[in-house]
Amino acid sequence: MNRIFALADCNNFYVSCERVFNPRLEKKPVVVLSNNDGIVVSRSNEVKSLGIKMGVPIFEIEDLIKKHNIQVLSSNYTLYADMSNRIMETLSMFTPDIEVYSIDEAFLDLAGFKKSLTEYGQEVRKTVKQWTGVPVSIGIGKTKTLAKIANYIAKRSEKANGVLDLTDSPYMDKALAQVPVEKIWGIGRRTAAKLNKMQITTAFDLSKIDAEKIRDKFGIVFARVVCELQGICCYDLEQNPPAKKSISVSRMFGEPIESKEKLIEAAASYTSRAGEKLREGGLSTGLLTVYVATSQFKQDTYFNSHTVKFEVYTNDTTELIRAAVGSIEKLYRQNCQFKRCGIILNELAAQQQIQNSLFDTADRQKSKRLMETIDKINNKTGMPLRWAVEGITQPWQVKFKKLSKRYTTCWRELPEVA
DNA sequence: TCTGGGGTCCTAGGACCC
DNA sequence: TCTGGGGTCCTAGGACCC
């Protein structure tokens, strides 16, 4: 059966969320920054047209910020996650066949819809804007990759007005010719550079290639991209997201750390968060990896990791922290300016499927009750319990200097109307 | 001085076995 | 002392996504 995919993608998502609750930001240049207010992760159209690229460090654009009075905000992840949920709920009203692809994107299956897809897209767009305040663009195509392409153009073309349908379009070739290879879904910087050397610069050029012929040189993922551009569907809608394979928690420190004690604090704190994520998903882990690193932009970089295997799968934070602290003892180096630490949990399994060991000495029932109690307390109060080993002063904590309020998830921070 | 975080999949190469 | 090949499993690293 023929498929028709629509991709609904929010415009400048983080910036748009901020504008919903602070209309003074409308029509002004706005950027949202990453953790530690490090790099630019979301830009308004005004900022894009100033030539400021995604991912540039903030200190490199200080002059432009002053000159154009760019409004600068820290990331407010709580707000964005809540807005995302509202948008996805709104989209689900239009079809039950929806795949939430990322915080600001969803694929909808529109196969079998009789009326004009463009009109339908406009209706979706209007509704999301009305109900949530966030502008979305909609691209429609016979494969996910073509829907992405349509979306790319819908965002940029004035004529499209936010919606472009490329199913059976007489303008298909023209549309593909507008899209540089590096903007195609699945083609990154490396592959784009290789293609450019071969005089393949647009999606149109790429769609004319024989996928089988270059499969050996470029791999199967690439071959699929080419097929999808040709209208051959390789990726279906995924409505039931596959089980997670890894959980990770990592941060750059607010300031570099030299002492082992502080490094242990940070590692314990991230591990505690990883444990919460495990239990939220009803999972346990068999493998914990800790890594530490100095700044990648300084000389004499040091990166190292250590992995611990658990005899019995666990989601007990005390056990996880013990493993993480032991790893730091092995990884620590003196006179080293640590700038980052991360915890990765692999070999995840649902709690029910766990094999017990004959020689297990831990009281698993007691541990389970303890974790449940701690999670319950933490979910109820705004002041989460902490393990002593996480420290008190925590100088490594991430910095957010320009944070907006949690308008939608915290009673004390509701927007006020004067 | 200041440079994010959380994921997935694929591939090449090594270890090991028969 | 000489000398094979095929299969599987695991891991590290690369590339990509948002």
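Per chain, numbering begins at 1; letters A, B, ... match sequence-line order. Only heavy atoms go into these numbers, but all of them, side chains included; no hydrogens, no water, no symmetry mates.
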Within residues 177-200 of chain A, residues whose heavy atoms come under 4.0 Å of DNA chain C
A/I184, A/W185, A/G186, A/I187, A/G188, A/R189, A/R190, A/T191
Does A/I4 reach the side chain of A/I140, with side-chain heavy atoms less than 4.5 Å apart?
yes
Cationic tip of A/K142 within the cone over A/F5's six-membered ring, i.e. under 6.0 Å and within 45° of the normal?
no
What I'd like to find out is whether the side chain of A/V128 reaches to under 4.5 Å of the side chain of A/L91, using heavy atoms alone.
yes
Taking atom C1' in both B/dC16 and C/dG4, what distance in whole Å separates the two?
15 Å
Validate the cation-pi geometry between A/K144 and A/F107: distance from NZ or CZ to the six-membered ring centre under 6.0 Å, angle to the ring axis within 45°.
yes
Nearest-nucleotide comparison on DNA chain B, the residue closer to the 5′ end among A/E62 and A/V221:
A/E62
Compute the ring centroids of A/Y101 and A/W185, then answer whether they are less than 6.0 Å apart.
yes
Lys/Arg-Asp/Glu bridge criterion (N-O < 4.0 Å) met for A/R273, A/E280:
yes
Is there a donor in the side chain of A/D37 and an acceptor in the side chain of A/S74, or the other way round, less than 3.5 Å apart?
yes
Would you say the ring centers of A/F338 and A/F253 fall short of 6.0 Å from each other?
no
When you compare the side chains of A/R386 and A/S272, does any donor N or O come within less than 3.5 Å of an acceptor on the partner?
no
Of A/E60 and A/I220, the one whose closest DNA chain B nucleotide lies more 5':
A/E60
Have a look at A/K277 and say if it touches a base, only the backbone sugar-phosphate, or nothing, with a 4.0 Å heavy-atom cut-off.
sugar-phosphate
Residues of residues 96-107 of chain A with any non-hydrogen atom less than 4.0 angstrom from an atom of DNA chain C: list those, numerically ordered, please.
A/Y101, A/S102, A/D104, A/E105
Going 5' to 3' on DNA chain C, which nucleotide is the first and which the last to come under 4.0 Å of a heavy atom in chain A?
C/dA15 to C/dC18
Test item: side-chain donor near acceptor, A/T317 and A/R279, under 3.5 Å
yes
Judged by modelled atom types alone, do A/Q337 and A/E258 share a side-chain donor-acceptor pair under 3.5 Å?
yes
Please say whether more than 12 non-hydrogen atoms of neighbouring residues, nucleotides or ligands are located less than 6.0 Å from NZ in A/K277.
yes
Ranges pairing with ranges for DNA chain B, where each run has three or more Watson-Crick or G-U pairs under 3.5 Å:
B:5-18 with C:5-18
Looking at residues at least two apart in the chain, or sitting in another chain, which of them share a side chain to side chain contact (heavy atoms under 4.5 Å, CB included) with A/R19?
A/V15, A/L25, A/E26, A/V30, A/S44, A/E46
side-chain hydrogen bond (donor to acceptor under 3.5 Å, both in side chains) between A/D316 and A/T314, intermediate numbers included
CA-CA 6 Å; A/D316 182 315; A/T314 182; 5.5 Å; no
Check whether more than 12 heavy atoms from other residues, nucleotides or ligands sit under 6.0 Å from atom OH of A/Y77, and answer yes or no.
yes
With a 4.0 Å cut-off on heavy atoms, is A/K401 in touch with a base, just the backbone sugar-phosphate, or nothing at all?
nothing
What residues in residues 236-258 of chain A put a non-hydrogen atom under 4.0 Å from any atom of DNA chain C?
none
